[in-house]
Asks: 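Would you mind keeping the following structure in view while I ask a few things?
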Amino acid sequence: MHPRTLIDGGGAPDGASSPVSPISPVGSAGKKNLIDFLSLERVERDLFRGWCHDGARLRAFGGQVAAQALTAAGHTVDDTLAVHSLHGYFLRAGDTRRPIVYQVERLRDGRGYVSRRVTAVQLGEPIFTLSASFKLPEESAPGEARHVAMPQAVPPEDLPDAFAPTPGSDGNQPDDHDVREFNRALSVRFVPPPRPAPDGGTEQWLWVKAAHPLPDDPMLHACGLAYASDLLLAPSAALHREPPRILRQGPDTVFLTSLDHAIWFHRPFRADEWLLVVQRSPTAGDGRGLAHGDFWTRDGRLVASVVQETVLRTARPRSV
């Protein structure tokens, strides 16, 4: 089934309206895991409302906005369909002190493919747009399906927790209160790449999974991957200038903010089982960086690919 647990009052059918519960001024406070972070309130048939936590201070985490938009789209299609791609543009920074309204447009309902467009709105202005396509699964005949082999990587059990407190810290990652939010949703392990990145490129490997078990709902697992896919992709485009924030202390030397995000879902998977993510950036310049990543299951199946362009500039010094 589709993620009914992600919709407050979620038993309403697609053509009906769920009860509207009051908007809480605490926003995303009290949310404890990935399911909480993806949960929406159904206001009308194609209208949903949600809260996001910070990516940067008071700026909604883009992966959560994209994942909630996909959640809204998925709740308007038949549960026999699976999402196979999404394309999103980040238009404005989301304010985590306010709810986000997701407006779903039913662009096409074909026999094999279905298309949805979602606009995320705050204060009457769009902050994010998403186009998502869903399809009926098809069986591949012998010899039809293929994918590149998964690279060899150190297993996650042999690697430290990326969100563990830094030695000598007060128990939280310095200079990044948002890590505490991500830590509720995800488990992450950085993988030492077995070889240097190619000349002119950057490369970053990691294992990622939901921090808690998830229900047997393919749409929920796709939304979970969408959330995780934005966490460290943009920073991989800046590795020639600084390591990711959760691996260092001190102020940022570069400014990053996502411009767009695209995901292709190739095969079924579980987001609560370890996925190897190989992220590469082939180019940076003109105040932008490009990064792409591939997701593999532990048994070597290529299950998703993601591409993102990000603003990449020298950070302005913070005023004292």
Side-chain angles (χ1 to χ4, degrees), residues 3 6-8 14 17-18 20-21 23-25 27-28 31 37-77 83 85-109 114-134 178 181 219 222-223 225-231 233-234 255-264 287-291 306-313:
L6 301 186
I7 306 296
D8 292 346
D14 285 346
S17 298
S18 299
V20 179
S21 58
I23 289 294
S24 168
S28 63
K31 295 181 179 293
F37 289 157
L38 301 180
S39 297
L40 298 177
E41 170 195 358
R42 191 169 207 156
V43 179
E44 295 180 6
R45 178 176 182 258
D46 294 333
L47 196 66
F48 303 83
R49 181 164 49 193
W51 292 86
C52 286
H53 65 72
D54 292 358
R57 292 181 185 273
L58 299 180
R59 294 168 63 98
F61 171 49
Q64 189 177 17
V65 177
Q68 288 188 351
L70 181 59
T71 298
H75 208 67
T76 68
V77 303
V83 61
S85 68
L86 66 82
H87 300 259
Y89 280 91
F90 297 96
L91 306 177
R92 295 175 176 85
D95 186 343
T96 54
R97 296 167 296 184
R98 301 178 181 275
I100 299 174
V101 174
Y102 297 92
Q103 303 170 344
V104 181
E105 297 177 70
R106 305 183 183 222
L107 299 182
R108 180 177 185 271
D109 288 292
V114 167
S115 298
R116 295 290 185 263
R117 180 165 55 214
V118 184
T119 304
V121 178
Q122 277 190 326
L123 296 177
E125 293 187 321
I127 65 169
F128 176 75
T129 61
L130 175 84
S131 294
S133 184
F134 303 79
D178 315 312
E181 303 295 339
M219 190 65 211
C223 294
L225 187 146
Y227 176 97
S229 68
D230 188 49
L231 177 59
L233 191 57
F255 171 76
L256 296 169
T257 187
S258 302
L259 292 169
D260 58 13
H261 200 76
I263 307 175
W264 293 265
R288 298 170 293 127
L290 182 71
V306 58
V307 177
Q308 182 179 88
E309 189 175 45
T310 179
V311 172
L312 199 169
R313 298 176 179 147

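Only heavy atoms go into these numbers, but all of them, side chains included; no hydrogens, no water, no symmetry mates.
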Asks: Where is the tightest heavy-atom contact between A226 and I263, given as atom of each residue plus distance?
Replies: CA-CD1, 3.7 Å
Asks: Heavy atoms only: give me the nearest G63-D230 pair and the separation to one decimal.
Replies: N-OD2, 2.8 Å
Asks: For A228, enumerate each residue passing the side-chain contact (heavy atoms from CB on, under 4.5 Å) test, keeping only those at least two apart in sequence or located in another chain.
Replies: L186, V208
Asks: Could you tell me whether the side chain of L312 reaches within less than 4.5 Å of the side chain of R288, counting heavy atoms only?
Replies: no
Asks: Using modelled atom types and a 3.5 Å cut-off, is there a donor and acceptor pairing between side-chain atoms of Q122 and backbone atoms of R98?
Replies: yes
Asks: Among R106, Q103, R116, E105, which one satisfies side-chain contact (heavy atoms from CB on, under 4.5 Å) with D46?
Replies: R106
Asks: Does E181 reach the side chain of F37, with side-chain heavy atoms less than 4.5 Å apart?
Replies: yes
Asks: Do V118 and T129 touch side chain to side chain, with heavy atoms closer than 4.5 Å?
Replies: no
Asks: If I take atom OG1 from residue T71 and atom CD from residue Q64, how far apart are they, to the nearest 0.5 angstrom?
Replies: 9.5 Å
Asks: Measuring from atom CZ of R108 to atom CZ of R117, what distance do you get when rounded to the nearest 0.5 angstrom?
Replies: 14.5 Å
Asks: Mind checking side-chain contact (heavy atoms from CB on, under 4.5 Å) for L290 and listing every partner two or more places apart, or none if nothing turns up?
Replies: P282, T283, V307, E309
Asks: With a 4.5 Å cut-off on side-chain heavy atoms, are Y102 and R42 touching?
Replies: no
Asks: Among residues at least two apart in sequence or on other chains, which ones pass side-chain hydrogen bond (donor to acceptor under 3.5 Å, both in side chains) with S131?
Replies: none
Asks: Output every pair passing salt bridge (Lys or Arg N to Asp or Glu O under 4.0 Å) with a member in residues 119-134, not counting sequence neighbours, ordered by first then second residue.
Replies: R92-E125
Asks: Can you tell me how far the NE2 atom of H75 sits from the CG atom of L40, to the nearest 0.5 Å?
Replies: 9.0 Å
Asks: With sequence neighbours left out, what residues match F90 under ring pair (Phe, Tyr, Trp, His ring centres under 6.0 Å)?
Replies: F128
Asks: At what distance, to the nearest 0.5 angstrom, does OH of Y227 lie from SG of C52?
Replies: 9.0 Å
Asks: Give the minimum heavy-atom separation between S39 and Q68, together with the two atoms involved.
Replies: O-NE2, 3.9 Å
Asks: Please answer whether the main-chain N or O of T310 pairs with a side-chain N or O of S258 as donor and acceptor at a distance below 3.5 Å.
Replies: no
Asks: At what distance, to the nearest 0.5 angstrom, does CD1 of I127 lie from CD1 of I100?
Replies: 4.0 Å
Asks: Measure across W264 and S85 and return the closest heavy-atom pair with its distance rounded to 0.1 Å.
Replies: CD1-CB, 3.8 Å
Asks: Which distance, rounded to the nearest 0.5 Å, do you find between the CE of M219 and the CG of L70?
Replies: 3.5 Å
Asks: Check the orientation of F61 and H53. Use parallel for under 30°, tilted for 30 to 60°, and perpendicular for over 60°.
Replies: parallel
Asks: Would you please name every residue forming a side-chain hydrogen bond (donor to acceptor under 3.5 Å, both in side chains) with D260, sequence neighbours left out?
Replies: none
